[in-house]
Amino acid sequence: MSEDFQPTSDFLRILTERGYLHQCSDLAGLDAKAKSGDLTAYIGFDCTAPSLHVGSLVQIMMLRWLQKTGGKPIVLMGGGTTRVGDPSGKDESRKILSLEEIEANKQGIKQVFAQFVQFGEGKTDALMADNADWLTKLHYIDFLRDVGKHFSVNRMLSMDSVKLRLEREHELSFLEFNYMCCQAYDYVELNRRYGCVLQMGGSDQWGNIVTGIDLGRRMGTPQLYALTSPLLTTASGAKMGKTAKGAIWLSETMLPVFEYWQFWRNCEDSDVARFLKLFTELPMEEIDRLAALQDAEINEAKKILATEATAMVHGRAAAERAAETARQTFEEGVVAASLPSLILQANEIPAEGLGVLAAFVKAGLVASTGEARRQIKGGGLKLNDEQISDEKALITIEAIEAGAKLSLGKKKHVLLRLAEG
RNA sequence: GGGGGAGUGUCCCGAGCGGCAAAGGGGGCGGACUGUAAAUCCGCUGGCUAUGCCUUCGUAGGUUCGAGUCCUACCUCCCCCA
C-alpha cells in the first residue's frame, strides 16, 4: 500500500483518516477521479438474511461517505448471486434459498439502507440495482465464450476463497466456483449501465473485485478501481458482530435498540477510537479528544460512541431512549420500564406460576432449559436482582404484575409483562 | 486408471485398545476482581416432561449383548505411481 500518498479528494481523505482504507488498486488514479466530481461506486450485498448486521456496517458507511462527498453510490442486491452462493470465508455451501426468501430478504435489506443513503433520481442520489436482472438472463454457451474465456482456472485456484475450501478439505461445488465470475461480470455490467468505476468491499472481497477489473479491461471498459476496507475484528481478535447469542443486527425487529446500544457500550477500551472513526460522524477533533480519555473516563467516550452509532441506524430519539434506559439500569439501579420486554398472554402462565427455566428460555436469554439450569448452577440468572438458586422456582401472575425482571449476568435484562386485556 | 491415508461434539482446531455424551485447546457464556473495559483466576460449554430417556463422530447398510472404534458400498479430501 502507498502510505506516502496524500489524497486530495474529500472522499479518499476521509476514508484514509477514518481508517476505512485497507487496499486500493490505484490511489492516485482514484483520487483524481473522485476529485472530478464524477465518481460512481458500488458495493454488493447478498440477500442471505432479512437484515444486515454490524459486519456490513463499514461498507455501508463507505457508501454514505461517498454520497456525502459528491459521489453516486450504487447498492447492488445480489438477487442473482445469492442463488449461487459466495464461498468466501465459508466452510460449507449455504442452503439454497427460495426465490421468495431472497425477495423478502432484499426488501428487509433495502430498508436498512434507507437510513444511510438517499435514494432517488438526482446526480448523487443512490441507486439500487439487482444482479438478478442480468445474471438470470445469460445464456450459458454465450457466457462461456464471451466472459469465460477471460478467466484463468490457474488463477482462480489460487484465490483465497477457493484456497480456504481446498485447504480445509471441504467440497467446493462448481456452482460456487462460478461465483467470482458472476461478481466480476456484475462489475462490467454496472460500468456499462451506470458508468460505475469503483467497487468497494471488505478485504475478503479483494480477489473478486480485482478479477472484475481484469475482466473489464479485457472486455473494453474504462479503467476500473478497487478499494477494500479492513476486516473488522475487535481488539482481542474476535470477528465483529458475531456472538454466541447471534449477530448484531441492524434491524430493530431482529435486535432491540437497547441491545444494539449495549453492544457498542461494551466494546473494549482499545477499540473506542477506531470505532468512533468508523461508525460515527463526529468530527476528528472531537474523536481525538474522546480517545485521549483514560481509565474510567473512557466510559464517557463509550457512551457517546453507543449513542452516536445507534442514532445512525435507529434515529437519534431511539438512541437517546436507549442511553437513558442504560443510565437508569446501570447507574441508578432502577428497573427501567423501557428495557426489552417479553409480553405474555395470561393463558401462557399455568395457575401455579411460570417456571423460571421456561421463562428464561422464552425471554431469549438462554437457548435451552439445559443452559438455564447450568446458568443457575453458575449463579448467572437473577429474578429482580436476586440470584435464582432453585431451578423449580415459579413466577406467579401476581409477581409478573408487580414487575418481574429477568437477568442473565449483569448486563442482559428482560422484563416480563402481561398482555393487556 | 493403480496404490496409500483422512473426514470426530452443527463456532474452530484436535485426542480417541469395541463399553463413549466422547480427552485437550481456542472461542463463547457465567462467577470473582474492575470502570457495564482489559488482564488474571474459577465454573460451564448435546436435547428433554431428567436419579431416567433421546440424538450426536462424512452418508447408507452390516457384524456384535454393545460401534466413533471392525466389515461393505458410496460421497469428499490429501499423497504417491501412471
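Owing to the predicted nature of the structure, the values given are computational and were not obtained by experimental measurement. We name chains A, B, ... by the order of the sequence lines, and we start the count at 1 in each one.
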Using the [atom1] atom in both, what is the distance from [N] to [M], to the nearest Å?
| N | M | atom1 | value |
| --- | --- | --- | --- |
| B/C29 | B/C11 | P | 14 Å |
| B/A37 | B/G30 | P | 10 Å |
| B/G46 | B/U8 | C1' | 14 Å |
| B/G47 | B/U63 | P | 33 Å |
| B/G7 | B/G52 | P | 33 Å |
| B/U10 | B/G2 | P | 37 Å |
| B/C48 | B/U55 | C1' | 10 Å |
| B/C20 | B/U69 | P | 15 Å |

So what's [N] paired with, Watson-Crick or G-U wobble, going by both distances under 3.5 Å?
| N | value |
| --- | --- |
| B/G27 | B/U45 |
| B/U56 | none |
| B/C17 | none |
| B/C70 | B/G62 |
| B/G1 | B/C81 |
| B/U76 | B/A6 |
| B/U40 | B/A32 |

Side chain of [X] - closest among [options]:
| X | options | value |
| --- | --- | --- |
| A/Trp261 | B/G35, B/A50, B/U36 | B/U36 |
| A/Thr369 | B/G46, B/A50, B/G30 | B/A50 |
| A/Leu408 | B/U36, B/G30, B/G35 | B/G30 |
| A/Ala326 | B/U36, B/G35, B/A38 | B/U36 |
| A/Lys410 | B/G31, B/C29, B/A37 | B/G31 |
| A/Lys411 | B/G31, B/G35, B/U36 | B/U36 |

In whole angstrom, what separates [X]'s [atom1] from [N]'s [atom2]?
| X | N | atom1 | atom2 | result |
| --- | --- | --- | --- | --- |
| A/Asp269 | B/A39 | CG | C1' | 11 Å |
| A/Glu391 | B/U51 | CD | C1' | 13 Å |
| A/Lys377 | B/C42 | NZ | P | 20 Å |
| A/Arg374 | B/G43 | CZ | C1' | 12 Å |
| A/Glu332 | B/U36 | CD | C1' | 15 Å |
| A/Phe360 | B/C29 | CZ | P | 17 Å |
| A/Asp271 | B/G35 | CG | P | 20 Å |
| A/Asp385 | B/G31 | CG | P | 12 Å |

**Prompt:** Which residue, A/Ser368 or A/Gln294, contacts RNA chain B at a nucleotide closer to its 5' end, judged by nearest heavy atom?
**Reply:**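 Here A/Gln294 is the residue nearer the 5' end.
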
**Message:** Assuming nearest nucleotide by heavy-atom distance, tell me which of A/Gly380 and A/Gln262 is located more 5' along RNA chain B.
**Reply:**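 Of the two residues, A/Gly380 wins.
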
**Message:** Under a plain distance cut-off of 3.5 Å, with no hydrogens placed, do A/Trp65 and A/Asp10 share a side-chain donor-acceptor pair?
**Reply:**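 No.
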
**Item:** Lys/Arg-Asp/Glu bridge criterion (N-O < 4.0 Å) met for A/Glu324, A/Arg321
**Value:**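 So A/Glu324 does not pair with A/Arg321 through a salt bridge.
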
**Asked** Is A/Ile209 close to A/Gln183 at the side-chain level, that is, under 4.5 Å between some pair of heavy atoms?
**Response**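 Touching, per the 4.5 Å side-chain cut-off.
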
**Request:** Identify the two heavy atoms, one from A/Ala41 and one from A/Leu66, that lie closest to each other, and give their separation to 0.1 Å.
**Result:**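 Where A/Ala41 meets A/Leu66 most closely, the heavy atoms are CB-CD2, 3.6 Å.
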
**Message:** Under 4.0 Å, heavy atoms only, any strand: does A/Leu381 hit a base, just the sugar-phosphate, or nothing?
**Reply:**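 No contact.
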
**Message:** Please classify the nucleic acid contact of A/Arg373 as base, sugar-phosphate, or nothing, using heavy-atom distances under 4.0 Å.
**Reply:**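 Since a base atom lies under 4.0 Å of A/Arg373, the category is base.
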
Donor-acceptor check, side chain of [X] to backbone of [Y], threshold 3.5 angstrom: yes or no?
| X | Y | value |
| --- | --- | --- |
| A/Lys137 | A/Asp133 | yes |
| A/Thr221 | A/Gly216 | yes |
| A/Glu348 | A/Gln345 | yes |

**Message:** Looking at A/Gln111, I'd like to know if its CD atom is crowded, meaning that more than 12 non-hydrogen atoms belonging to other residues, nucleotides or ligands lie closer than 6.0 Å.
**Reply:**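 Counting neighbours around CD of A/Gln111, 12 or fewer heavy atoms of other residues, nucleotides or ligands fall under 6.0 Å, so no.
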
**Message:** If the glycosidic angle sits within 90 degrees of zero it is syn, else anti. Tell me which applies to B/C20.
**Reply:**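 Nucleotide B/C20 adopts syn.
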
